Protein chains: 2
Amino acid sequence: MQAIILVSTAYITEQAVTVADKTFFQLRKDIVEGDILPASKLSETELSTKYAVSRSVIREAINRLESCHLVERKANVGARVVALTPEGLVELYQVRESLEGMAARLAAKNMTDSEIADLNSLLNSHFEGVKAEGSYYQEAGDLDFHYRIILGSKNRPLISILIDGIYHLVRMYRVQLGMAGPRVSTAFDEHKHIVQAISNRDEELAEILMRRHISYSKNNIQTKLIKN
Amino acid sequence: MQAIILVSTAYITEQAVTVADKTFFQLRKDIVEGDILPASKLSETELSTKYAVSRSVIREAINRLESCHLVERKANVGARVVALTPEGLVELYQVRESLEGMAARLAAKNMTDSEIADLNSLLNSHFEGVKAEGSYYQEAGDLDFHYRIILGSKNRPLISILIDGIYHLVRMYRVQLGMAGPRVSTAFDEHKHIVQAISNRDEELAEILMRRHISYSKNNIQTKLIKN
DNA sequence: ACCTTCTGCTTTGTCGACAATCTGGCGGCT
DNA sequence: AGCCGCCAGATTGTCGACAAAGCAGAAGGT
């Protein structure tokens with residue numbers, strides 16, 4: 001199988017079949033990318049006119065957003081976009097460290113050789129990007145990398161928790177804090193070493209390196225938040 | 001604060017304010033406890049007559065069950081209770097091992113002295129139960145123990161993943177496989193050592209012991225499943 | 001002047017009806 | 001005979017209307 005290199009994360013096909021699906025994806029996008037401000041109220045009637053759908057599908061979308069922890073809802077009162085706290089972000093990264101470390105370990109065990117080859121190709125294309133544009137390596141590339149390793153774990157509960165639950169939250173936090181694309185070259189090196197460990201089927205090292213990689217990110221965010 | 005000892009897990013008050021809440025809790029209970037069989041179809045109209053509520057609230061309840069991974073839904077087709085596979089259970093226990101290990105570590109760090117005192121009291125009451133009834137220590141006590149440590153981690157994303165997401169699934173698996181209350185005395189000893197580590201604020205040991213504790217459970221389940 | 005209570009309005013929760021889609025079986029065609 | 005397409009039945013998806021709960025402001029009492 002020829003390696004398919006994609007920079008965007010669009011190949012993770014969450015296909016929307018119903019109107020509620022589409023509305024959910026749209027709303028999630030608008031929240032994650034900051035078009036709907038954090039801590040703002042989500043009025044059902046308002047949104048139903050805005051997105052031109054009935055209140056039922058808005059309600060369903062909001063319920064799903066609540067399951068992702070992107071909004072909080074109080075009965076008989078309404079839903080608000082989650083507010084961003086530094087403590088919350090640290091807590092989230094603690095969980096990420098544990099789970100993605102595990103994902104890396106399992107990926108080293110369970111990924112097929114061709115999947116690993118694809119991962120290497122992805123990394124090479126990132127390298128080309130870094131070399132060419134200098135400050136490439138924003139969001140998409142980083143996320144693609146983590147995505148693949150998570151999927152490579154082949155552990156469905158783990159994949160679900162990380163992709164459905166944590167991932168979009170992290171993305172929202174990044175956008176809100178304007179943390180897109182720091183630590184460019186160091187992060188790239190870290191990725192390289194992780195992939196190498198996975199290629200060598202060194203489960204223990206893969207986990208350690210991934211944990212460290214995320215821990216660095218966490219520290220980076222913490223110092224940046226303290227500065228503000 | 002005097003230690004309050006409860007054997008049931010009912011003190012985790014998920015209070016249902018709306019009809020949809022009550023229906024969700026009821027449905028979840030019926031699924032987890034096996035009154036609704038695994039892999040059976042959840043017909044919206046049928047359930048709406050059975051529980052005497054409208055289809056809307058059934059739909060909402062099913063959506064929430066899907067978020068807990070207790071049911072799987074296909075668009076335009078319907079929802080089914082998740083089917084039980086040994087592999088799925090092992091995957092779930094892998095995640096539990098990682099997350100509850102982390103919870104134990106954080107609990108050793110973040111629980112207050114009085115919370116730890118309560119935990120010790122709980123353990124003593126369990127000991128009394130084991131001594132008195134011999135084969136006490138089913139479900140409730142074990143789960144109370146894990147609950148407290150999870151909550152003691154004080155990490156909200158972690159608590160949410162374990163309590164809302166994984167816990168009920170594990171319970172369902174246990175019921176379906178008839179795994180209630182094996183490993184009585186050994187598990188009790190393991191609990192004792194975990195609490196001791198937490199009391200000593202030994203984060204690393206608490207994590208190791210908790211991971212081992214869950215790993216034992218996993219192995220126990222695996223051998224039992226292979227025998228069948 | 002301040003607090004309490006009532007009232008009216010807005011928003012969410014629940015419901016039943018209608019529209020769209022899938023399932024399964026029958027009939028026809030190759 | 002086997003396969004494909006079509007039709008009927010049932011189920012899910014979507015909608016707008018009604019009911020119930022919360023919130024803000026005005027009115028009245030202390």
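Remember, it's a predicted structure, so these values are computed and weren't measured experimentally. Lettering follows sequence order; numbering is per chain, from 1.
The side-chain hydrogen bond (donor to acceptor under 3.5 Å, both in side chains) test applied to R156(A) returns no partner, not counting sequence neighbours. Considering only residues two or more places apart in sequence or on other chains, R64(B) meets the side-chain hydrogen bond (donor to acceptor under 3.5 Å, both in side chains) condition with D21(B), E60(B). Partners of T49(B) under the side-chain hydrogen bond (donor to acceptor under 3.5 Å, both in side chains) rule, at least two apart in sequence or in another chain, do not exist in this structure. By the side-chain hydrogen bond (donor to acceptor under 3.5 Å, both in side chains) test, S43(A) pairs with T45(A), sequence neighbours left out.
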Annotated protein contacts, base or backbone, on nucleotides 7-20 of chain D with a non-hydrogen cut-off under 4.0 Å, one of B, S, - each: ----SBBBBB----

Please set out all donor-acceptor pairs under 3.5 angstrom arising from side-chain atoms of residues 70-83 of chain B, sequence neighbours excluded.
| unit_1 | atom_1 | unit_2 | atom_2 | d |
| --- | --- | --- | --- | --- |
| R73(B) | NH1 | N63(B) | OD1 | 2.4 |
| R73(B) | NH2 | E44(B) | OE2 | 3.2 |
| R80(B) | NE | A39(B) | O | 3.1 |
| R80(B) | NH2 | A39(B) | O | 3.3 |

